[in-house]
Amino acid sequence: MIDGVELRHLRYFLAVADELHFGRAAARLHIAQPALTQQIQRLESLLGTRLFDRTSRSVALTPAGAVLRERATAVLGHAARDLDEVARVGQGSQGRLYLGFVPSVLPLEPLRGVRLFRERYPLVEVDLVEGYTSRMMEQLSHGGLDTAIVRDPDDLPGIHVAPLITEPFVAVLPADHPDAGRSSITGAELADNPLVFFPRAAGTLAHDKNLAPLLEAGGHPQVVQEGNTWTTIMYLVAEGLGVTIAPRSATFTAPSSVRIIPLAGTDADTTIYVAHRAGDDRALIRNFLALLPNHTE
């Protein structure tokens, strides 16, 4: 754009071009007619051409004015749309949200907040990224994610976490296991069984909390097979490779060939958290957090 030409000049010009009368255009713009005349003269000076042919009785567009009327309408339309988009991004109602999650939270309420968020903010694109808690936290710290729903995360500098849901652990046994018919079982009674479990690299705190019912009973867990997801672990248990201790929600999709048994004699539990970078106060993040069930800072 030529130096000095402002959007207000184009708005003033279009008002005169529409009305073809300086008095009516000034009234429409709520400014004094001499001021409007001065601004149109300023615009013509900046462009180096007349935009209107004026007589004492009429105002008409010049050929240059006719072209400017078309172009100014487009320019102001684009500017309005662009500025509206900027405002929506600033308000968190448009943009892209990169959300990480651990698969075991799928049956729980937190991810239902994603649907609510999409319904309320349809112009925000939500990219879901699945993985281990440790991987989600690492991606958060490096800026690869905006927020994540994780289970029992390790402390990480610069990452803020807030609890959402706490749930108990349960024992998972093959259907033909000698203890499969019990109404409850203790960690001590499971201690000598081969264990199917997730790797420690998935999250140190989560790994240790999950084993707490066995460790509290003085057991020495013997992990004979690892699985990358709870679904995999459930099916490995179903095949008789061992037993496991799992968050209750991780068993919601377990096959019918396993038995889920409440744990007795332990207060161990597991907590789902929402995590985001400390100090990230973008409206996009605030809007998402506000829709998560049970979320409090």
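Because the structure is predicted, anything quoted here is derived from the model rather than measured.
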Heavy-atom side-chain contact between [X] and [Y] under 4.5 Å:
X	Y	value
Val243	Leu195	yes
Arg277	Asp146	yes
Val196	Thr232	no
Phe198	Asn228	no
Phe169	Thr244	no
Leu61	Leu51	no
Val105	Val150	no
Asp208	Thr204	yes

Walk me through it: do Asn193 and Leu173 pass the test side-chain contact (heavy atoms from CB on, under 4.5 Å)? CA-CA 10 Å; Asn193 285 271; Leu173 285 63; over 6 Å; no
So, for Arg151 and Ala206, which heavy atoms are closest and what is the spacing to 0.1 Å? O-CB, 3.7 Å
If you look at every heavy atom in Ser104 and Ser249, which pair is closest and at what distance? O-OG, 3.4 Å
[X] side chain vs [Y] backbone, donor-acceptor pair below 3.5 Å:
X	Y	result
His142	Gly144	no
Arg8	Val5	no
Ser184	Leu263	no
Arg182	Ile261	no

Yes or no on side-chain hydrogen bond (donor to acceptor under 3.5 Å, both in side chains) for Thr37 and Arg54, after CA distance, side-chain angles and deciding distance? CA-CA 11 Å; Thr37 300; Arg54 309 172 183 82; over 6 Å; no
Checking Asp154 against Met137 for the side-chain contact (heavy atoms from CB on, under 4.5 Å) test, could you report, in this order, the C-alpha distance in whole Å, the side-chain angles of both residues, the deciding distance, and whether it holds? CA-CA 8 Å; Asp154 295 302; Met137 296 293 279; over 6 Å; no
Is any NZ, NE, NH1 or NH2 atom of the basic residue among Arg42 and Glu6 found under 4.0 Å from an Asp or Glu carboxylate oxygen of the other? no
Salt-bridge contact Asp18-Arg69 (side-chain N to carboxylate O under 4.0 Å): yes
Look at the side-chain heavy atoms of Ile, Leu, Val, Met, Phe, Trp and Tyr, link any pair under 4.5 Å apart, and say whether [X] and [Y] land in one connected group.
X	Y	result
Leu145	Tyr132	no
Trp230	Val223	yes
Leu205	Ile159	no
Phe22	Leu43	yes
Tyr235	Ile233	no

On the 0 to 90° scale, with breaks at 30° and 60°, tag the Phe197-His207 ring pair as parallel, tilted or perpendicular. perpendicular
For the residue pair Phe117 and Phe288, does the interplanar ring angle fall in the parallel (under 30°), tilted (30 to 60°) or perpendicular (over 60°) class? perpendicular
Tell me whether Arg115 at atom CZ has more than 12 heavy atoms from other residues, nucleotides or ligands lying less than 6.0 Å away. no
Exceeds 12 heavy-atom contacts within 6.0 angstrom, atom CZ of Arg120: no
Sole candidate of Val161, Thr271, Leu140 that passes side chain to side chain contact (heavy atoms under 4.5 Å, CB included) when paired with Pro153: Val161
Checking Tyr273 against Asp152 for the side-chain contact (heavy atoms from CB on, under 4.5 Å) test, could you report, in this order, the C-alpha distance in whole Å, the side-chain angles of both residues, the deciding distance, and whether it holds? CA-CA 7 Å; Tyr273 292 83; Asp152 298 320; 4.2 Å; yes
If you apply the rule side-chain contact (heavy atoms from CB on, under 4.5 Å), what do you find for Glu167 with Thr270, and how did you get there? CA-CA 6 Å; Glu167 60 175 335; Thr270 174; 3.5 Å; yes
